Amino acid sequence: MMQNYSLRVSTIIDHAARFHPKRPVLGRSVEGGVVQNNWLGVQREAKQLAAALRGLGIKKGDVIGVMAWNTVRHLSVWYGVPGAGAVNHTLNPRLFAEQLIYIINHAEDRFIMVDPDLLPIFEAIIDKIPKIEKIIVLTDRANMPESPLDLLCYQELVKGQPTDEPWMEGDENDPCGICYTSGTTGKPKGVVYSHRSNVLHALAAAAPDMINISSNDSVMPVVPLFHANGWSIAYNAPMAGAAMVMPGRDMSAPGLYEMLEMGVTFTAAVPTIWLGMLQYLEAENLQFSSLKRVLIGGASCPRAVIETFQNKYGVQVLHAWGMTEMSPLGTICSFKPEVNALPDAERLSVQETVGHPPYSVDLKIVNDWGEDLPWDGVSQGRLLTRGAAVVQHYLKAKEDAVDSDGWFDTGDVAVMDENGYVRITDRLKDVIKSGGEWISSIELENCAMAHPGVAEAAAVAVPHEKWSERPVLVIVPAPDNRPKRSEVISLLEKRFAKWQLPDDIIFVDDLPHTATGKVSKLELRQRLLDQSYTLPE
Ligand code: ADP
């Protein structure tokens with residue numbers, strides 16, 4: 001019989017510290033400047049933090065809210081909090097105050113750990129989160145902010161603590177982290193990751209057909225650690241013994257470019273970040289000197305972005321789909337032999353799909369009656385999943401989030417092909433149903449985005465007497481390059497049947513976004529309603 005090796009996340013950082021101790025872990029700090037560390041240093045500080053938290057009375061299962069940018073210090077917090085037996089509740093600074101209050105109280109956070117510049121968020125809501133006992137500011141004494149709140153200084157807490165005490169022992173099924181879905185409809189829902197689900201997910205995501213990180217990589221997560229389990233990157237990089245570069249809070253294209261040029265080979269973020277980056281590279285006539293692969297997900301990646309990255313900059317795009325409830329990886333678009341054999345243009349079309357799942361993620365598409373649909377590249381249905389790192393039930397929910405066979409409904413609509421590649425066509429709550437037929441809003445948007453004058457696009461349904469709904473395309477024009485309506489239509493005509501074309505194209509200055517940076521179609525539809533928008537005759 002084999003050993004019953006407990007799949008705790010502490011085993012990941014211990015592995016990195018033992019076998020890749022000197023691998024650089026560097027990043028832009030909140031105090032300013034770039035700090036240099038390595039996996040041994042990150043692990044030691046995590047141990048010190050675990051000891052400090054226990055000294056402050058943190059017990060197994062207690063929840064700590066963490067609101068911090070992607071910094072080197074945040075990595076020690078990432079491992080120090082669960083290392084103390086506590087649960088790391090990631091907090092997104094872009095949430096509305098009411099949502100933040102709700103999730104802090106709902107998860108019963110005891111402590112808050114926060115970057116100094118984000119402290120005002122808590123000063124404003126402190127009366128509404130009465131159970132918070134301590135606020136730890138993630139900086140040193142010299143940089144502690146002035147505040148009416150009673151604060152603890154992180155650096156002082158960890159200083160002098162032992163660097164070699166054992167981690168808090170526990171079961172691999174203990175809670176490790178909590179991330180709330182942004183709750184565009186209804187209240188945010190808490191997804192609780194276990195140590196085991198995080199380790200299994202990281203192992204599955206590491207596979208060569210997935211993110212494929214090795215000790216020769218230098219990894220920069222632009223996606224914040226507070227988005228959907230940080231896309232697991234803070235587990236994957238140390239597991240592989242890769243170097244890490246943490247970009248800090250500067251999410252501007254020049255700021256990120258500067259950090260990418262510190263030898264980064266692999267990076268990850270939502271499409272909006274990369275749209276901005278490509279514009280910047282073009283305007284400044286720059287190239288990447290070390291970047292090899294970029295993981296793009298969280299929202300559909302336009303074909304033009306994939307093409308430019310690969311053909312102009314020699315950077316391979318990995319288009320991915322996932323969600324908070326899946327820890328978050330669902331699928332990644334890497335090439336199976338069947339796809340490798342295709343001509344370039346067809347391969348590019350395959351990259352508009354989100355690819356195929358890793359081991360431990362199962363998928364199927366079903367119709368409205370829950371019957372399985374064929375993987376024929378045409379049949380569209382609700383995408384269901386189950387797996388080792390997929391939610392079973394939401395925090396404190398009375399009922400399971402899955403059906404009696406363990407399938408979780410992702411809320412996405414998709415098509416699958418014979419090779420198991422998934423094309424996401426919509427979110428169920430955003431679908432456009434005209435005359436009983438679905439029109440893919442994502443495909444309309446991506447097609448329009450191929451026009452250089454389209455900076456951002458969103459297709460939404462507008463009520464229609466005869467067809468029940470008709471699509472309208474809302475476009476933010478690129479600076480100094482407003483496209484003609486007819487140009488956009490003729491682009492769309494190449495790909496869509498006449499009845500699928502939008503009834504109207506509206507130009508706006510901006511689109512509403514959610515806290516995770518996605519277009520909020522709910523709000524956009526509401527805006528049109530508020531403006532008493534009517535379709536042209
Ligand atoms: P939310 O956006 O609800 O806060 P998530 O970050 O968990 O929470 O978002 C998951 C959703 O994002 C998926 O269900 C899907 O609708 C969308 N999504 C993620 N990746 C992609 C992609 N590559 N293409 C299209 N949609 C995507």
Side-chain angles (χ1 to χ4, degrees), residues 90-92 94-96 99-100 103 177-191 193 201 210-211 223-232 268-275 294-303 305-306 317-334 350-357 361 363 365 380 382-385 389-391 394 401 408-416 421-431 440-446 449 457-459 512-523:
T90 51
L91 301 173
N92 181 345
R94 294 187 198 97
L95 286 177
F96 291 122
Q99 287 176 323
L100 205 52
I103 67 174
I178 304 178
C179 184
Y180 279 74
T181 60
S182 65
T184 32
T185 50
K187 290 230 185 311
K189 289 179 279 198
V191 177
Y193 307 114
H201 176 274
M210 296 293 131
I211 58 175
V223 54
L225 292 179
F226 52 76
H227 274 189
N229 211 13
W231 293 10
S232 174
V270 292
T272 355
I273 293 280
W274 302 121
L275 281 165
V294 54
L295 184 68
I296 308 185
S300 178
C301 182
R303 184 184 178 107
V305 170
I306 303 174
V317 170
L318 295 170
H319 189 191
W321 163 82
M323 61 196 310
T324 306
E325 286 90 336
M326 298 180 75
S327 301
L329 178 62
T331 56
I332 284 189
C333 192
S334 59
V350 172
Q351 288 190 281
E352 289 180 85
T353 77
V354 291
H356 52 101
V361 173
L363 297 172
I365 42 173
Q380 234 183 132
R382 306 163 79 111
L383 183 58
L384 269 50
T385 184
V390 175
V391 69
Y394 292 105
F408 171 75
D409 190 332
T410 64
D412 286 329
V413 180
V415 173
M416 292 178 73
Y421 281 65
V422 179
R423 180 187 294 275
I424 306 288
T425 55
D426 249 309
R427 287 186 112 167
L428 204 56
K429 57 185 190 235
D430 295 331
V431 293
S440 166
S441 66
I442 293 182
E443 279 171 24
L444 282 175
E445 290 154 9
N446 282 346
M449 295 280 291
H513 290 94
T514 67
T516 45
K518 302 178 194 182
V519 174
S520 170
K521 300 230 176 136
L522 189 77
E523 222 179 304

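Sequential numbering from 1 along the given sequence is applied to the chain's residues. Both ligands and their constituent atoms are indexed starting at 1 by order of listing. If you're wondering where the values come from, they're calculated on a predicted model, not measured in any experiment.
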*Any luck finding a side-chain donor-acceptor pair between Asp430 and Ser441 under 3.5 Å?*
no
*Polar-atom distance check: Gly298 versus ligand 1, any N or O pair below 3.5 Å?*
yes
_Qualifying residues under side chain to side chain contact (heavy atoms under 4.5 Å, CB included), relative to Ser334, sequence neighbours excluded_ = Asp209, His356
*Ala228 heavy atom under 4.0 Å from ligand 1*: no
*Under 4.0 angstrom from ligand 1, any heavy atom of Thr514?*
no
*Does Ala299 have a non-hydrogen atom less than 4.0 Å from ligand 1?*
yes
*Is Pro328 near ligand 1, meaning one of its heavy atoms is under 4.0 Å from it?*
no
*Per atom 12 (O) of ligand 1, closest listed option by heavy atom (His227, Lys429, Lys518)*: Lys518
*Heavy-atom distance to atom 11 (C) of ligand 1: which of Lys189, Arg427, His319 wins?*
Arg427
*Identified salt bridge (charged side-chain N to carboxylate O under 4.0 Å, His left out) counterpart of Arg303 within the set Glu443, Glu352, Glu445*: Glu352
*Between Ile442, Val422, Asp412, flag the one that comes closest to atom 16 (O) of ligand 1 by a heavy atom.*
Asp412
*Given Ser520, Ala320, Ser300, which has its nearest heavy atom closest to atom 24 (N) of ligand 1?*
Ser300
*asked:* Donor-acceptor check, side chain of His201 to backbone of Ser232, threshold 3.5 angstrom: yes or no?
replied: no
